[in-house]
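Residue numbers start from 1 in every chain, and the chains themselves are labelled A, B, ... in the order their sequence lines are given, proteins ahead of strands. As the structure is a computational prediction, the values presented were derived from the model and not from experiment.
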Amino acid sequence: MSDKYPFKKIEKKWQKFWEEQGFFKTDLESDLKKFYCLMMFPYPSSALHVGHGRNYILGDAVARYKKMKGFNVLTPMGWDAFGLPAENQAIKRNIPPAEWTFSNIKKIKKQLSTWGICYDWDREVTSCKPEYYKWTQWLFLKLYKHGLAYKKKASVNWCPSCQTVLANEQVVSGRCERCNSEVEQRELEQWFFKVTDYAQRLLDDLKLLDNWPERVKIMQNNWIGKSKGCMIKFPVVDSDNILECFTTRADTLFGATYLVLAPGHSLIDELIFDSPDAEKIKDFVRKVKKEVYQGANIARNFREEIEKKGIFTGKFAVNPVNNEKIPIWVSNYVLSEYGTGAIMAVPAHDQRDFEFAKKYNLPIKIVIKPENKDLGVKDLNSAFEDEGIMINSGDFNGLKSKEGANKVAEFLENKSAGKKKIQYRLKDWLISRQRYWGAPIPIIYCDKCGIVPVPEKDLPVVLPETVEFKPTGESPLKDVKSFIEVKCPKCGGNAKRESDTMDTFVDSSWYFLRYISPNDDDKAFDKDLVNKWLPVDQYIGGVEHAILHLLYARFIVKVLYDMKFVDFKEPFEKLFTQGMVVKDGKKMSKSKGNVVDPADLIERYGADTVRLYTLFIGPPEKDAEWSDKAVEGAWRFLNRVWRLVRQVISDKYQVASKKNQQRDDANTRELKRKTHETIKNVTEDIERDFHFNTAIASIMELVNLTQSSKLKAERKVLKEAIETIVILLSPFVPHISEELWQKLGYKNSILTEKWPVYDKKALEKEEVEIAVQVNGKLRTTLKIPVDLTDKEIKKMVLDNEKIKKYVDDKEIKKFIVIPNKLVNVVV
RNA sequence: GCCGGAGUGGCGGAAUUGGUAGACGCGCACGACUCAAAAUCGUGUCUGCUUUGCAGGUGUGGGUUCGACUCCCACCUCCGGCACCA
């Protein structure tokens with residue numbers, strides 16, 4: 001093993017060196033150009049595997065690269081430390097959530113340092129510490145004060161046997177994951193943030209995010225789900241009630257032959273109270289409500305469609321456009337959470353309505369026909385959902401769908417029977433959690449004064465350290481008297497604290513502001529410095545956060561902007577979403593038992609090898625298949641570099657190269673060109689979405705050429721090649737690069753070295769190889785001097801023996817020249 | 001079902017605006033060194049064939065083009081997200 005490089009010694013040495021020198025401590029006041037490089041902060045659940053490693057290795061490489069590019073780089077790290085798993089561990093193993101969390105943080109920090117990943121640890125934030133959540137609570141108060149936090153009833157998953165609220169992920173196929181009892185829905189008063197107020201701006205400002213991946217923007221766009229349409233009032237016959245329905249296709253209103261209510265619709269009871277079938281209908285509603293919920297889960301797992309079921313309420317409504325009496329039904333295919341929870345059904349032009357109408361024998365009326373042909377009910381095997389021309393629609397006949405929809409809406413507006421409306425799919429953000437391990441919501445309930453926010457001066461509302469986790473109740477906080485019982489800040493009377501805590505997404509929607517002044521006890525963040533350092537220049541994280549986290553962070557920043565706390569509208573200038581690391585075709589995860597522990601690999605090959613392989617595995621935005629075997633390749637490469645550099649600077653080599661005076665000018669030129677070509681490629685690959693895989697491949701090519709020309713090329717050029725290799729490699733494999741840099745005789749850390757710039761002149765070639773095609777088929781290649789005229793090239797090509805054979809005496813129809821690349825002779 | 005992404009050698013993956021498909025690495029084979037092995041170095045490695053060369057080849061079938069992994073149409077498969085969004 002003596003000829004292998006001693007990574008163990010080297011890596012420890014340089015890790016210590018970087019830390020002692022404080023290379024990653026950032027002076028925020030500096031006038032250098034700033035670069036805020038942010039990783040999504042992790043949930044400290046257990047040790048990291050190579051899949052997590054990919055994230056941090058990528059970010060570290062970016063930070064080091066930017067530093068060498070001359071930026072003042074800020075790379076902080078912290079912990080998204082509140083959450084469910086800590087509580088589960090507490091129940092299962094009787095360890096306080098805090099203890100479990102902090103021991104994990106310690107473990108992970110150590111791991112990161114053995115990978116050579118450097119952060120400005122002076123700025124570490126931990127969301128479960130009172131110093132941090134004090135300001136999460138402050139944020140809540142700000143939203144409350146501005147009317148953006150409010151309470152309303154919402155249903156939760158309830159396990160009747162565990163007597164507890166379940167998160168969605170704890171419900172498996174409609175059953176509690178722990179005790180397998182059937183999960184119920186319960187209505188609770190809960191806190192919400194009004195994200196819907198910001199729906200339009202969250203949508204509009206996506207246009208500002210030029211440096212976000214298109215797919216993330218599309219997903220956010222669909223999530224917000226804007227649709228333009230019309231709210232239509234349907235008066236109920238023999239009643240004062242009016243049913244409102246939202247539609248995007250007002251042009252089909254004449255074809256509305258029935259209405260459908262969601263099982264959760266608030267008017268159902270009122271409609272049916274005098275019906276002889278009232279009990280039957282109520283039964284149906286109860287049954288279907290439960291099924292809708294369970295069905296959603298089952299359908300998700302088995303990708304099946306839910307069977308549509310319905311029942312007639314016995315009541316009718318009036319279609320405002322033609323005064324027809326149409327029946328009102330209740331069915332499971334209408335959602336109570338979207339729109340008004342009631343729809344007008346147009347079976348001829350909506351597939352779901354069509355299926356339902358067929359099943360229950362409801363009338364189907366065609367009111368839209370294709371532009372170039374007629375349409376009859378008999379022709380209809382499925383709904384005709386395309387746009388077309390209005391028919392059977394009174395005065396509106398002949399209008400095109402779009403125009404018709406508009407005209408119908410205007411007609412209804414005039415009659416006060418409807419209104420144009422923009423509808424969003426986005427719902428308000430439910431932030432209440434009936435759990436212990438989260439930031440307490442700073443609210444007090446007083447019998448006299450009602451809901452009283454905790455005064456800012458009394459923050460933080462501290463989470464009690466020791467609580468009992470009884471699997472009996474709601475939040476364990478309810479049983480902690482010293483926490484719950486409190487004096488009302490307004491009247492001084494006896495009052496009670498809110499026992500719910502906040503969703504962890506609240507913690508993570510502003511942490512990137514806290515890094516700027518993590519220890520400030522007077523305010524959440526320093527306004528001036530935050531305005532100087534934000535938006536984040538580069539945000540890096542998993543694509544699984546494409547919607548929720550990123551949307552909430554954008555929302556909170558917009559709220560802070562409106563309150564004039566910050567003067568930017570979007571938190572993240574550039575976003576990079578990483579692919580997963582896959583093993584045996586599956587996502588790497590503990591439960592699947594396919595995790596690769598980086599510790600073993602680091603023990604065998606060192607951190608640099610693991611880093612290099614991780615970056616080389618594939619384009620970072622795509623999923624990648626992990627192969628332990630291929631790690632060898634990275635290890636061999638680093639050893640080759642190690643030997644190459646040491647050989648070239650050794651005395652033995654100096655003598656050999658002097659003796660061997662067979663200088664080769666062509667080889668020298670080639671090596672020089674390759675060196676500069678590599679600088680160009682590597683720089684461009686990094687700038688182009690961090691394509692480290694191809695960057696590393698380029699460096700490998702340069703190493704291969706340097707290896708073969710080490711005795712032939714001029715010494716100066718050889719030295720340049722070697723040093724370039726070491727510098728270009730340094731963001732990826734920092735330890736070995738520092739060591740070799742020192743061996744090359746330099747006293748400074750390679751981190752302080754300038755990133756090289758390629759010399760255009762060195763890239764120039766005298767000769768190029770071009771492809772010669774006849775009729776688009778490659779026939780030969782030719783070496784020709786650069787910048788020949790087309791005429792000269794044509795002559796050369798046609799004089800070529802191989803080409804002559806194909807051209808023969810046929811007529812040349814075309815002669816296409818792509819400069820310095822290819823010619824195509826068309827005969 | 002809908003939305004988004006992808007499909008290239010035995011494997012991970014290259015090919016930047018349509019211009020020499022398979023860079024770089026893994027694996028494999030052979031050779032050198034060695035008593036031997038490991039390590040290292042060198043050579044070869046898309047497939048087929050009548051092997052100086054020719055033909056085919058980027059999920060399938062069509063199309064546009066002098067020229068298609070790349071653009072257009074239809075379809076198939078896989079991965080991720082969502083749940084009938086009126």
Side-chain angles (χ1 to χ4, degrees), chain A residues 1-4 213-216 218-219 221-223 225 227 229 245-249 252 256 260 292 295-297 299-300 303-306 308 331-335 337-346 349-353 355-356 423-425 543-544 546-547 579-580 582 585-587 612-613 616-619 621-627 629-634 636-637 639-640 643 681 684-685 688 691 693-701 703-704 707-708 769-781 802 813-819 821-827:
Chain A
M1 284 297 270
S2 61
D3 55 342
K4 296 282 175 273
E214 213 48 47
R215 59 175 167 162
V216 173
I218 291 171
M219 281 192 250
N221 185 75
N222 293 346
W223 187 262
S227 51
C245 300
F246 175 76
T247 180
T248 52
R249 292 291 302 271
T252 64
V260 190
V292 164
N297 275 290
R300 193 195 297 210
R303 298 187 176 202
E304 273 170 19
E305 222 174 313
I306 304 163
K308 292 178 178 58
S331 171
N332 60 346
Y333 82 96
V334 174
L335 301 172
E337 312 91 66
Y338 183 75
T340 60
I343 62 152
M344 64 176 216
V346 186
H349 306 291
D350 182 289
Q351 186 58 27
R352 294 156 299 177
D353 299 342
E355 286 164 21
F356 191 77
Q423 185 75 36
Y424 298 92
R425 187 184 160 271
V543 72
E544 66 272 19
I547 297 175
M580 295 182 299
V582 177
K586 284 183 216 102
K587 181 182 171 161
L612 188 74
Y613 173 68
F616 187 59
I617 193 169
E621 74 277 9
K622 295 216 183 103
D623 293 351
E625 172 77 33
W626 183 271
S627 151
K629 198 91 198 229
V631 177
E632 262 316 304
R636 281 204 288 256
F637 171 73
N639 276 296
R640 250 192 331 265
R643 278 195 304 272
N681 288 343
E684 286 175 0
D685 282 345
R688 182 171 56 107
H691 279 194
N693 55 330
T694 47
I696 291 165
S698 297
I699 300 173
M700 285 171 169
E701 286 183 49
V703 169
N704 292 344
Q707 179 72 33
S708 63
E769 196 184 52
I770 60 162
V772 183
Q773 298 180 336
V774 179
N775 286 345
K777 288 212 158 149
L778 181 71
R779 292 307 175 191
T780 188
T781 57
K802 280 183 185 157
K813 283 192 192 152
K814 257 189 194 173
F815 193 87
I816 295 155
V817 180
I818 308 295
K821 278 220 162 131
L822 159 152
V823 299
N824 189 8
V825 189
V826 187
V827 296

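When the C1' atom is compared between B:C75 and B:G10, the two are found 29 Å apart, to the nearest whole Å.
OP1 or OP2 of B:G27 lies within a sub-4.0 Å distance of a side-chain N or O belonging to A:Arg636. Under 4.0 angstrom from either OP1 or OP2 of B:A14 there lies at least one side-chain N or O belonging to A:Asn693. At least one side-chain nitrogen or oxygen of A:Asn704 sits closer than 4.0 Å to the OP1 or OP2 atom of B:G25. At B:A86, one or more side-chain N or O atoms of A:Tyr338 fall inside 4.0 Å of OP1 or OP2 (strictly under the cut-off).
Across B:G27, B:U40, B:A86, the shortest atom-to-atom separation from the side chain of A:Arg643 is found for B:U40. Of the candidate nucleotides B:A86, B:U16, B:A15, B:A15 has the atom nearest to the side chain of A:Thr694.
Between the A:Asn639 side chain and the A:Lys4 main chain, no donor and acceptor come within less than 3.5 Å of each other.
With values rounded to the nearest 0.5 angstrom, A:Ile343 atom CD1 is found 4.5 Å from A:Asp353 atom CG. Separating the CD atom in A:Gln423 from the OG1 atom in A:Thr247 is a distance of 11.0 Å, to the nearest 0.5 Å. Interatomic distance, A:Asp685 CG to A:Asn693 CG, rounded to the nearest 0.5 Å: 7.5 Å.
Heavy atoms of A:Gln423 sit nowhere under 4.0 angstrom from any nucleic acid atom.
In this structure B:G4 sits in a base pair with B:C79, meeting the Watson-Crick or G-U test at under 3.5 Å.
Regarding the sugar-base torsion, B:G5 falls in the anti class, its angle being beyond 90° of 0.
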